[in-house]
Amino acid sequence: MRGKRTYTPRQEEPYKVNSKIRAREVRVVGDFVEGGNAVMATDKAVALAEENGLDLVEISPSAAPPVCKVIDYAKFKYEQKKKQKEIKSNAAKTVVKEIRFGPNTDDHDFDFKLKHAINFLKDGAKVKAYVHFVGRTIVFKERGEMLLLKFAQALEDYGQVEQLPKMEGKRMNIFVSPKAGKK
């Protein structure tokens with residue numbers, strides 16, 4: 001497909017700037033206005049911004065009259081992106097830890113894996129426990145289900161079951177999430 005270009009729409013600016021502000025009058029806030037804020041005609045506010053070599057940016061369009069600020073728009077957009085990035089990085093990331101069982105897992109192995117699951121839940125991670133059926137062990141589905149239910153019951157104090165044992169292919173899964181306030 002030589003010579004054909006795909007149309008990509010230009011990204012709309014999130015804020016109205018200078019002549020794009022359609023209101024007849026605006027409330028201008030900031031350092032360039034006496035008393036911190038004043039209501040004035042839009043063209044007068046744009047002229048004030050241009051005098052200072054800056055832009056008039058509409059901060060709150062839903063207010064009556066709309067609130068605008070005299071600032072450097074490029075710097076303002078940069079600061080907004082930086083804030084958004086910081087908020088995104090501080091958002092909680094859910095970690096899922098997996099614990100694998102066989103249908104014939106003994107008590108000692110079960111207890112050992114249970115301790116790991118308790119530590120994972122205390123740290124705030126979700127636990128996905130599964131019984132993997134290899135070859136002919138698929139005939140022991142009930143044994144696998146009993147094992148996962150016993151596991152869920154043992155974790156009752158530390159987490160809550162999100163999904164009861166469910167067969168998916170050769171695996172039977174169960175999900176346990178940490179109880180609120182147990183971190």
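Looking at heavy atoms from C-beta onward, E145 lies in side-chain contact with M172 at the 4.5 angstrom threshold. In this structure, the side chains of Y158 and K179 stay at 4.5 Å or more apart for every pair of heavy atoms. For the pair K122 and P178, the minimum side-chain heavy-atom distance is 4.5 Å or more. You'll find the side chain of K126 stays beyond 4.5 Å of the side chain of F175, heavy atoms only. For the pair C68 and V57, the minimum side-chain heavy-atom distance is 4.5 Å or more. Here the side chains of F120 and I99 are in contact, with some heavy-atom distance below 4.5 Å. Side-chain contact between V70 and D55 is absent, with no heavy-atom pair separated by less than 4.5 Å.
Residues V176 and M146 fall into different hydrophobic clusters, defined by Ile, Leu, Val, Met, Phe, Trp and Tyr side chains chained together at heavy-atom separations under 4.5 Å. Residue V161 is grouped with residue L155 when hydrophobic side chains (ILVMFWY) are merged at heavy-atom distances under 4.5 angstrom, including chains of intermediate members. Hydrophobic clustering (side-chain heavy atoms under 4.5 Å, transitive across Ile, Leu, Val, Met, Phe, Trp, Tyr) keeps V39 apart from L48. Cluster membership for Y130 and V127, using ILVMFWY side-chain heavy atoms within less than 4.5 angstrom, is not shared. Transitive grouping of hydrophobic side chains (ILVMFWY, heavy atoms separated by less than 4.5 Å) keeps I59 and V29 in distinct clusters.
Residues P65 and E25 approach most closely at CB-O, 3.4 Å, considering heavy atoms. When all heavy atoms of K141 and I138 are compared, the closest pair comes out as CG-O, 3.2 Å. Contact between L121 and S177 at its shortest, heavy atoms only, is CD2-C, 3.8 Å. Contact between A152 and I174 at its shortest, heavy atoms only, is CB-CD1, 3.7 Å.
Distance check, rounded to the nearest 0.5 Å: CD of E50 to CG of L56 gives 9.5 Å. Between the OG1 atom of T105 and the CZ atom of F151 there is a distance of 11.0 Å, given to the nearest 0.5 Å. Atom CZ of F133 is separated from atom CZ of R143 by 10.0 Å, given to the nearest 0.5 angstrom. D123 contributes atom CG, which lies 12.0 Å from atom CD1 of I118 (distance to the nearest 0.5 angstrom). Atom CD1 of I21 is separated from atom CG of D43 by 11.5 Å, given to the nearest 0.5 angstrom. Taken to the nearest 0.5 Å, the CZ atom of R171 stands 5.5 Å off from the NZ atom of K128.
Figure legend: K150 and F110 shown as a cation-pi pair, the cationic atom lying under 6.0 angstrom from the six-membered ring centre and within 45 degrees of its axis.
Looking only at atom types and distance, the side chain of E168 has a donor-acceptor partner in the side chain of N173 under 3.5 Å away.
Each of K69, M40, K44 was checked for a side chain to side chain contact (heavy atoms under 4.5 Å, CB included) with V28, and the lone residue meeting it is M40.
Ion pairing between a basic and an acidic side chain is recognised when a charged N comes within 4.0 Å of a carboxylate O; D109 and R100 show no such pairing.
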Legend entry - CA sep, side-chain torsions, deciding dist, call: I71, L54, side chain to side chain contact (heavy atoms under 4.5 Å, CB included): CA-CA 5 Å; I71 46 176; L54 298 170; 5.8 Å; no
* Go through M167 and V131 one step at a time and tell me if the side chain to side chain contact (heavy atoms under 4.5 Å, CB included) criterion holds. => CA-CA 9 Å; M167 197 69 185; V131 177; over 6 Å; no
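Between the side chain of K113 and the backbone N or O of H108 there is no donor-acceptor pair closer than 3.5 Å. Side-chain atoms of T42 come within 3.5 Å of backbone N or O of A23 as a donor-acceptor pair. Judged by distance alone, the side chain of S60 and the main-chain N or O of P66 form no donor-acceptor pair under 3.5 Å.
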